[in-house]
J.: 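Sharing a structure with you now.
Naming: A, B, ... by sequence-line order, numbering from 1 per chain.
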Number of protein chains: 2
Amino acid sequence: MAVQIPVKDTDAVETRIEDLCAKRGLRMTEPRRVIARVLSAAEDHPDAEALYDRVKEVDPTISMATIYRTMKLFEEMDIVSKRDFGDGRARYEPQSGPEDHHHHMIDVETGEVLEFYNQELEDLKKRIARDLGFDLVDHHLELFGTRRKKQH
Amino acid sequence: MAVQIPVKDTDAVETRIEDLCAKRGLRMTEPRRVIARVLSAAEDHPDAEALYDRVKEVDPTISMATIYRTMKLFEEMDIVSKRDFGDGRARYEPQSGPEDHHHHMIDVETGEVLEFYNQELEDLKKRIARDLGFDLVDHHLELFGTRRKKQH
DNA sequence: TTACTTGCAAATCATTTGCGGTTTG
DNA sequence: CAAACCGCAAATGATTTGCAAGTAA
């Protein structure tokens, strides 16, 4: 369950994302505040439209263009990261820093997304990049699979 | 260097992809033959437009719609695989079977793409999926990096 | 005040599709 | 000949952008 965070009330405790916006010196407008809170409350990987729907519940005047503009801004500011799970649209999730780095296991039958972290994998990636003569700046890993019904 | 393959002449030796089309029982039309040969000759990861340009040089009457329709068909037939390198468009490459499975290291400064294979990585992925209770059916891994200028 | 933001609608971009005419098997 | 294909142009769907009005610092 998510921590209960007031999405509308201005004098509520700041969310992690609002805090980051402040640290980055971003101008704090009403749409940004609402989007920041919706994002902070999200435990899934919403696409632009899902964000739009959730944001509209709080403030119906906020437009889709603002969702996209804000996501692009947040992405550049390393506040959110954009993911691609193979369907046509981008998904967004709060960037939680290297200490919470993780990847995704996607159930191709249900679309369900599990997050996982594996230190061995992190080390291996870095080593592979280095062996190829690169410094790793980013990487994408998604596993697609089906629930194992019976073990063989 | 690629093996020299006649792209136009009909009585030339069949390419690997044309061969696969035959095996799958696909109707062999002129556009498909040209696309198959262009793909066979490609050593990079062309997007639809790049394919279109190359195909046009052989037969300017072939349309973009056919490129897309053929790519979708080839994909369903496991003749090509579709890749996503983070820019907006899909890239295609001949599917060469499990024995030639590989991943991509993308130079973020030049856009250059290196292919690599790492058995450890293959094993690890499978193990991770299994630990999560899944049978792996597919996976995407791309590493993004910059050329290492000096080692530290 | 003044530069930064936003909503709206129109514009892009990549990809898909309806349709009438064309081929392949 | 019938089913599958194809080119063309219009349709989609996701994301971006120009512009005039609104707003944070």
Side-chain angles (χ1 to χ4, degrees), chain A residues 10-11 14 17-19 21-38 45-53 55-56 58-77 79-92, chain B residues 10-11 14 17-18 21-38 45-77 79-92 111:
Chain A
T10 297
D11 53 24
E14 277 200 347
I17 290 184
E18 287 174 276
D19 194 45
C21 289
K23 280 205 179 67
R24 305 283 196 283
L26 297 185
R27 191 182 277 192
M28 249 324 162
T29 65
E30 162 76 1
R32 280 186 195 164
R33 199 185 325 279
V34 173
I35 293 172
R37 294 184 179 199
V38 163
H45 307 81
D47 58 26
E49 191 167 346
L51 284 176
Y52 183 46
D53 289 342
V55 160
K56 262 191 310 191
V58 182
D59 182 342
T61 73
I62 297 174
S63 76
M64 185 63 121
T66 297
I67 302 287
Y68 277 112
R69 274 193 282 239
T70 305
M71 285 308 98
K72 175 177 273 188
L73 177 67
F74 282 6
E75 210 196 326
E76 287 163 2
M77 294 302 194
I79 292 172
V80 306
S81 24
K82 193 196 285 196
R83 305 286 175 179
D84 172 18
F85 293 161
D87 47 5
R89 49 254 160 94
R91 315 298 199 89
Y92 303 93
Chain B
T10 296
D11 53 25
E14 277 200 350
I17 291 184
E18 287 173 277
C21 290
K23 280 205 180 68
R24 305 284 196 281
L26 297 185
R27 195 183 273 195
M28 248 326 157
T29 66
E30 163 76 2
R32 280 187 195 165
R33 200 185 324 279
V34 173
I35 293 172
R37 293 183 180 199
V38 163
H45 306 81
D47 57 25
E49 191 166 346
L51 284 175
Y52 182 46
D53 290 342
R54 296 175 201 180
V55 160
K56 262 192 307 192
E57 279 180 38
V58 182
D59 181 342
T61 72
I62 296 174
S63 76
M64 186 61 121
T66 296
I67 302 287
Y68 278 112
R69 274 193 279 240
T70 305
M71 284 309 98
K72 175 178 275 190
L73 176 68
F74 281 7
E75 211 197 328
E76 288 163 0
M77 293 302 194
I79 292 172
V80 305
S81 25
K82 191 195 286 195
R83 304 285 175 181
D84 173 16
F85 293 161
D87 47 4
R89 51 256 158 94
R91 316 297 200 90
Y92 303 92

J.: Please give, in whole Å, the distance from dA14(C) C1' to Leu51(B) CG?
T.: 14 Å
J.: Any side-chain heavy-atom pair from Asp47(B) and Asp87(B) closer than 4.5 angstrom?
T.: no
J.: Respond yes when some side-chain nitrogen or oxygen of Thr61(B) is under 4.0 Å from OP1 or OP2 of dC6(D), and no when none is.
T.: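 Negative; the distance criterion is not met.
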J.: With side chains defined as the heavy atoms from C-beta onward, is the minimum distance between Met71(B) and Tyr68(B) less than 4.5 Å?
T.: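 A side-chain contact is absent here, since even the closest heavy-atom pair is not under 4.5 Å.
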J.: Does Arg89(A) have a side-chain nitrogen or oxygen under 4.0 Å from the phosphate oxygens OP1 or OP2 of dT15(D)?
T.: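 No, no such contact exists.
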J.: With nearest nucleotides of DNA chain C determined for Ala90(B) and Ala65(A) from heavy-atom distances, which residue corresponds to the more 5′ nucleotide?
T.: Ala65(A)
J.: Tell me the interatomic distance from Glu76(A), atom CD, to dC4(C), atom P, rounded to whole angstroms.
T.: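 Distance, rounded to whole Å: 14 Å.
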J.: Does Arg27(A) contact dC4(C) through a side-chain donor or acceptor facing the base, at a distance under 3.5 Å?
T.: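 Side chain to base: pair present.
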J.: On DNA chain C, nearest-nucleotide positions of Thr29(B) versus Arg32(A): which is more 5'?
T.: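 Its nearest nucleotide being more 5', the pick is Arg32(A).
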J.: Heavy atom of residues 67-75 of chain A under 4.0 Å from DNA chain D: which residues?
T.: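 Under 4.0 Å from DNA chain D: Tyr68(A), Arg69(A), Lys72(A).
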J.: In whole Å, what is the span from the CE atom of Met77(B) to the C1' atom of dA4(D)?
T.: 12 Å
J.: Could you check how far CG of Leu26(B) sits from C1' of dG25(C), rounded to whole Å?
T.: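 Rounded to whole Å, this separation is 13 Å.
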J.: Heavy atoms, side chains only, cut-off 4.5 Å: are Lys82(B) and Lys72(B) in contact?
T.: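 Not in contact.
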J.: Could you tell me how far apart Lys82(B) (NZ) and dA14(C) (C1') are, to the nearest whole angstrom?
T.: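 Atom-to-atom, Lys82(B) to dA14(C), this comes out as 10 Å.
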J.: With a 4.0 Å cut-off on heavy atoms, is Met64(B) in touch with a base, just the backbone sugar-phosphate, or nothing at all?
T.: nothing
J.: In whole Å, what is the span from the CZ atom of Phe85(B) to the C1' atom of dA14(C)?
T.: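 To the nearest whole Å, that distance equals 17 Å.
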J.: Is there a side-chain contact between Ile79(A) and Leu26(A) in this structure, where contact means two heavy atoms from C-beta onward sitting under 4.5 Å apart?
T.: yes
J.: Find the distance Arg91(A):CZ to dT15(D):C1' and express it as a whole number of Å.
T.: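 My rounded result for the distance is 16 Å.
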J.: Check the distance between dA14(C)'s P and Asp87(A)'s CG and give it to me in whole angstrom.
T.: 19 Å
J.: For residues Phe74(A) and Arg32(A), report the shortest heavy-atom separation together with the two atoms involved.
T.: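 Residues Phe74(A) and Arg32(A), closest heavy atoms: CZ-O, 4.5 Å.
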J.: What closest approach, in Å, do Ala36(B) and Glu18(B) show between heavy atoms, and which atom pair accounts for it?
T.: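 In terms of heavy atoms, the two residues are closest at CB-CG, 3.8 Å.
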J.: I'd like to check Arg54(B) versus Pro46(B) (side-chain heavy atoms, cut-off strictly below 4.5 Å). Are they in contact?
T.: yes
